[in-house]
Amino acid sequence: MCEPAYMPEEMMVVAAARRLDDDDVVFIGIGLPSKAANLARRTHARHLSMIYESGTLDTAPTVLPLSIGDPELSRTAKAVVSAVEMFNYWLQGGWIRTGFLSAAQIDRFGNLNSTVIGDYRSPKVRLPGAGGAPEIAAFCSRTFILLRQSRLSFVETPDFVTSVGFLEGGRSRDRLDVSGRGPQAVITDLGVLEPHPESRELVLTAVHPGVGVETAVEATGWPLQVADPVAETAPPTAGELKVLRSLKPSETTDVGDKVSSHYEVSPE
Amino acid sequence: MCEPAYMPEEMMVVAAARRLDDDDVVFIGIGLPSKAANLARRTHARHLSMIYESGTLDTAPTVLPLSIGDPELSRTAKAVVSAVEMFNYWLQGGWIRTGFLSAAQIDRFGNLNSTVIGDYRSPKVRLPGAGGAPEIAAFCSRTFILLRQSRLSFVETPDFVTSVGFLEGGRSRDRLDVSGRGPQAVITDLGVLEPHPESRELVLTAVHPGVGVETAVEATGWPLQVADPVAETAPPTAGELKVLRSLKPSETTDVGDKVSSHYEVSPE
Amino acid sequence: MTEFLDLTEAVRKHLNPGNVVAAEGFTHLIPHAAGLEIIRQEIRHLTLVRMTPDIIYDQLIGMGCADKLVFSWGGNPGVGSLYRLREALEQGIPHALELEEHAHAAMANAYAAGAARMPFAIFKGYRGTSYPDVNPHIRFLDCPFTGQKVTAVPALRPDVAIIHAQRADREGNVWLRGIVGVQKEAVLASARSIVTVEEVVDRVDETKGGTVIPRWAVSAVCPVPLGAFPSYAEGYYSRSNAFYLRWAEVSRDYDRFREWMDRFVMGTRDFGHYLLALKEHGYV
Amino acid sequence: MTEFLDLTEAVRKHLNPGNVVAAEGFTHLIPHAAGLEIIRQEIRHLTLVRMTPDIIYDQLIGMGCADKLVFSWGGNPGVGSLYRLREALEQGIPHALELEEHAHAAMANAYAAGAARMPFAIFKGYRGTSYPDVNPHIRFLDCPFTGQKVTAVPALRPDVAIIHAQRADREGNVWLRGIVGVQKEAVLASARSIVTVEEVVDRVDETKGGTVIPRWAVSAVCPVPLGAFPSYAEGYYSRSNAFYLRWAEVSRDYDRFREWMDRFVMGTRDFGHYLLALKEHGYV
């Protein structure tokens, strides 16, 4: 049987989706995590609960939301809560099982930078900043990090720690008094990295089909530990790809007509 | 013109109602305060906002609620908020202009006891306790205290301070960092007591029609200061009494039929 | 993740002697059916937590289920005293009851802190009152920015929360509307939770109002029609003010109270039979 | 107590140079019309506060209205960078911008503390992150009961809050529905508040859903249809994703940005004329 062709990004999404469980409660942002969760919910995890940072609990979007505040999310949510409630009761309260994160930089212990490249006071590149990421990293029972692998992003020392992973490794995260257990996997376009059970250093445990271990090592800014043996990710199935590609973005309508009806004045 | 006959309690309610303004925002409990606010809203203060401790903002009950949680309140409210929001944002936040209080004991500085008579650990009479009274006393811009006057209730030293008035008098309340200005009047079945502008000690400033100053002094457990001259409260008008007596309590329906339909099993 | 259980099973599974139990309801949706089931199962040494303990807490205390009460207002609303609570405190009947007494604002904030997994809550309460003298759980600390004094109370983290709601959907998502008090906070602050509901429907959401608590935040859902009686469920039935008044008579004397409880609660096998017995004797 | 004002008057009356201004909206109901009016009135030296500054804050910053930004996520959602914000921080264009940077949880709690008139908020954030190194307003204190460390941030107490809502009734009670973010907290935390609304109706309440902010908690209500554009108002119009994409082009170069702002914002007398000009040039 010939395997279907797919894009690296599709492999990332499929690999992420497979890690979600049927009774999962997932905190998601836009982009790949949203695709992964929506794919999972349409395949093996039909009871998965999707929670978006904008305050929508248990949403059931029929289309892929374009922003975390897409009206499709509030329209289909079981509950919509304030930002205060979302961060205090639901995230810090420890009710969310799985969180997704991304970043501009990651280190070997899964600490993430989405704040600034260069010096904080005179930045080379100013990034958007924290948002809810520090809380997702701290309080979701587990997190998955989705990030393209390169020496620019997989770095020895991030310029800033926006969201904590395993801090300095070992048991150092434990002293932070955060309820989440930290990153369980970093899913990249090349493979999967998982924390070593003792040192908590990220170890390459799988490569995606057609990717050599050396490629992943080369794309990492620190001496990457490699599991022996390294697994190979099962490629996306035709079924997974079909569902994934059927996810359509939400549509918006133009306000032009409304501009006219509200503001166009008939000639006096 | 002959004045209509009325009960002492009606005089209290009318005197309280008259102190409410058209744009007032009033925090009320059941009983006399609820009657006073509903009377005011139906006479001179049609825009008065009524807030009940159960979380109902801007209610417009058509009948007199029987409890602070009467469904008539939530049905007619503009908003219903959680207890956390009510106490933090609305009361402590300082949005409520006028609060009503009552108590089992009051002292000369308007400090109130609704917790216990006798020793706290081995009480003579255990009272219901604080509820929201300490917050009403602290955070409403002004409070009115409605309380029948007697030596049992107007005491030298309350057994417990549940809700603070002017503490030890003078400017001592100011050091508490509470935003409310404290009690503006104590309205009793005999007359009205108001705090002295400097000492903050309660002074008898008015007696109700037919009540002698001596009667009020006798009914007070401390040497009561008396204003010179003492005013006489205007008696309830026929209009006030008519509206007050037209306030009907909310009705409840029996659940007997529902018990039958849910739980009566037809013989097998 | 929730499961549908019979109320008897739910109480058997989730309530243990010595538990800290918050059966909440602020003047509305008070979980009477669940409280009576605790009495029926004779679960003892409980720490009962509630902002506004009323009849059902009076019954639990009078039947000897409670060692301690954490509360902020204890009365028969609109009627007067709770005689079983008063006699426990004034005369140690049926046994002494330890108190942790607060104001509403403190309790509400303590639940919110529990729901947020904070060890304590801060607010501005208790200034100028006697409460700090009798409750060692009230402390004061300084703002690290301004030096202003704030009040602190420990978070509430009950073992079990019990609430009553109007509806659940078939997956166990809970929906309530009307006066909500601290019910959501109580559920989220507690290790386990039991929700009795008036009815089970196909779907619940907030698009037409109300509040949803998702199924994954609730341990057990139990359909119990009229489960808040003599309290009310907005949209379903009104408060039985008559019962609140009669409770004053029934509860004033301990022996009369015991006899009443033995007949109507201990002598009936569940809430439905209790209601039928009340009806037979003219209480509803 | 609220009053109905024309948006131009409301901004003139309530906004002063040097004010701390929170124009809030979390992915929904973003008060664009009010923000543009601040630009038109050239009100400067503002401290801008918002969890999620996006296009309207980019415009305010690019036009030189802001001396300082208090924020927790600054980007063009779903598109990428805010170039005016980035150039202000990276190159000081048009002038340097002071930052007070937080995470969402800190901002949300700081607003809630402001609404509750607390001097500070406590939560569990920032552990293991670099934020405490760059923001002196993040401190830690010990629980007075357990000794556990908690994080503290100062309360937010803006001079002016600005939000957009779907409706007001004729007395000025405000009603909004859908994603609500921190809008209510921002209004209650601020000394003054301006609410733009899609329409004025006879009555608003929460019986069919949504949130009401009572008239006595709002300073000014301004009817401005489409006032959230290019953001959206649930039930009224959807988000103009196209405009968010085009903003990336318009704003990338400072001169192009200025030219655009001069034409469409400074060159139009109010939001209606701005929208008509946008329409004429194919932006809507």
Side-chain angles (χ1 to χ4, degrees), chain B residues 30-31 53-56 66-71 73-75 80-84 86-88 91-92 111 113 115 120-135 137-139 160-165 167 173 176-178 251-256 258-260 262-264, chain C residues 26-28 51-52 71-75 77-78 81-82 85-86 89-90 101-105 107-109 111-112 123-131 133-134 148-149 177-182 184-185 225-226 229 231-232 234 236-242 271-273 275-276 278-279 284:
Chain B
I30 292 308
E53 196 176 56
S54 51
T56 53
L66 280 169
S67 82
I68 57 164
D70 199 291
L73 296 173
S74 57
R75 259 200 308 264
V80 180
V81 304
S82 73
V84 179
M86 176 55 87
F87 286 101
N88 288 352
L91 254 178
Q92 188 173 286
N111 301 300
N113 174 18
T115 301
Y120 183 80
R121 302 283 167 207
S122 49
K124 198 184 298 174
V125 183
R126 176 63 226 196
L127 304 165
E135 272 59 50
F139 302 115
F160 195 94
V161 177
T162 309
S163 308
V164 74
L167 201 60
R173 182 185 165 101
L176 298 178
D177 184 29
V178 294
E251 287 180 10
T252 64
T253 52
D254 192 76
V255 299
K258 291 198 165 78
V259 168
S260 306
H262 284 300
Y263 289 110
E264 241 161 45
Chain C
F26 196 85
T27 74
H28 176 212
M51 289 175 68
T52 53
F71 82 114
S72 45
W73 191 88
S81 287
L82 292 177
L85 169 59
R86 278 186 58 180
L89 295 174
E90 291 166 15
E101 183 165 0
H102 282 288
H104 278 352
M107 292 279 288
N109 275 293
Y111 275 122
F123 67 120
K124 286 191 172 181
Y126 291 131
R127 285 105 194 272
T129 77
S130 306
Y131 283 102
D133 303 337
V134 300
Q148 261 181 284
K149 195 170 76 165
R177 73 170 299 154
I179 291 165
V180 292
V182 287
K184 190 193 249 188
E185 285 79 9
L226 307 175
F229 171 89
S231 176
Y232 75 104
E234 190 178 310
Y236 286 79
Y237 48 93
S238 61
R239 188 174 188 266
S240 175
N241 293 307
F271 190 67
H273 288 85
L275 289 179
L276 290 169
L278 288 187
K279 191 178 179 197
V284 299

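Chain letters run A, B, ... following the sequence lines, proteins first, then strands; residues in each count from 1. Heavy atoms only: backbone and side chains are in, while hydrogens, waters and symmetry mates are out.
Between B:Asp177 and C:Lys149, none of the side-chain N atoms (NZ, or NE/NH1/NH2) sits under 4.0 Å from a carboxylate O, so this pair counts as no salt bridge.
The part of B:Asp70 that comes within reach of chain C is its backbone (N, CA, C, O), which places non-hydrogen atoms under 4.5 angstrom from that chain. Neither the backbone nor the side chain of B:Ser122 comes within less than 4.5 Å of any heavy atom of chain C. The part of C:His102 that comes within reach of chain B is its backbone (N, CA, C, O), which places non-hydrogen atoms under 4.5 angstrom from that chain. Using a 4.5 Å cut-off between heavy atoms, C:Met107 does not touch chain B at all. Contacts between B:Ser82 and chain C at a heavy-atom distance below 4.5 Å involve backbone atoms as well as side-chain atoms. For C:Glu234, the part sitting under 4.5 Å from any heavy atom of chain B is the side chain, from C-beta outward, and nothing else. The parts of B:Val259 that come within reach of chain C are both its backbone and its side chain, each placing non-hydrogen atoms under 4.5 angstrom from that chain. Heavy atoms of B:Leu176 lying under 4.5 Å from chain C belong to its backbone as well as its side chain. Residue C:Lys124 touches chain B through both its backbone and its side chain, counting heavy-atom pairs closer than 4.5 Å. Using a 4.5 Å cut-off between heavy atoms, B:Phe160 touches chain C through backbone and side chain atoms alike. For C:Phe123, the parts sitting under 4.5 Å from any heavy atom of chain B are the backbone and the side chain alike. Contacts between C:Tyr131 and chain B at a heavy-atom distance below 4.5 Å involve backbone atoms as well as side-chain atoms.
For the pairing with C:His104, the side-chain contact (heavy atoms from CB on, under 4.5 Å) check across B:Met86, B:Glu53, B:Glu135 returns one residue only, B:Glu53. Screening C:Tyr232, C:Tyr237, C:Tyr236 for a side-chain contact (heavy atoms from CB on, under 4.5 Å) with B:Val255, the sole residue that qualifies is C:Tyr237.
Between the CH2 atom in C:Trp73 and the OG1 atom in B:Thr115 there is a gap of 12.0 Å [rounded to 0.5 Å]. Between the CG atom in C:Leu82 and the CZ atom in B:Arg126 there is a gap of 11.0 Å [rounded to 0.5 Å]. With rounding to the nearest 0.5 Å, the separation of CG in B:Asp254 from OG in C:Ser238 is 8.5 Å.
Contact tally against chain C (heavy-atom pairs below 4.5 Å) for B:Asn111, B:Ile68, B:Val178: the top residue is B:Ile68. Counting heavy-atom pairs closer than 4.5 Å to chain B, the top residue among C:Glu101, C:Met51, C:Lys279, C:His28 is C:Glu101. Ranking C:Leu278, C:Val182, C:Leu89 against chain B, the residue ahead of the rest is C:Leu89, based on heavy-atom pairs under 4.5 Å. For the options B:Val80, B:Val81, B:Leu127, B:Val125, heavy-atom pairs under 4.5 Å to chain C are most numerous at B:Val125. Ranked by heavy-atom pairs shorter than 4.5 Å toward chain B, the options C:Ile179, C:Thr129, C:Val284, C:Asn109 are led by C:Ile179. Interface remark: of the candidates C:Ser130, C:Gly75, C:Ala112, C:Ser130 forms the most heavy-atom pairs closer than 4.5 Å to chain B. Note: B:Gln92 leads B:Gln92, B:His262, B:Arg75 in heavy-atom pairs under 4.5 Å with chain C. Of the listed residues B:Gly132, B:Gly165, B:Ser163, the one with more heavy-atom pairs under 4.5 angstrom with chain C than any other is B:Gly132. Of the listed residues (B:Pro123, B:Ala137, B:Pro134, B:Gly55), the one with the most heavy-atom contacts under 4.5 Å to chain C is B:Pro123.
For C:Arg239 (side chain) and B:Pro71 (main-chain N/O), no donor-acceptor pair under 3.5 Å exists by modelled atom type. With hydrogens and angles disregarded, a donor-acceptor distance shorter than 3.5 Å links the side chain of B:Tyr263 to the backbone of C:Pro225.
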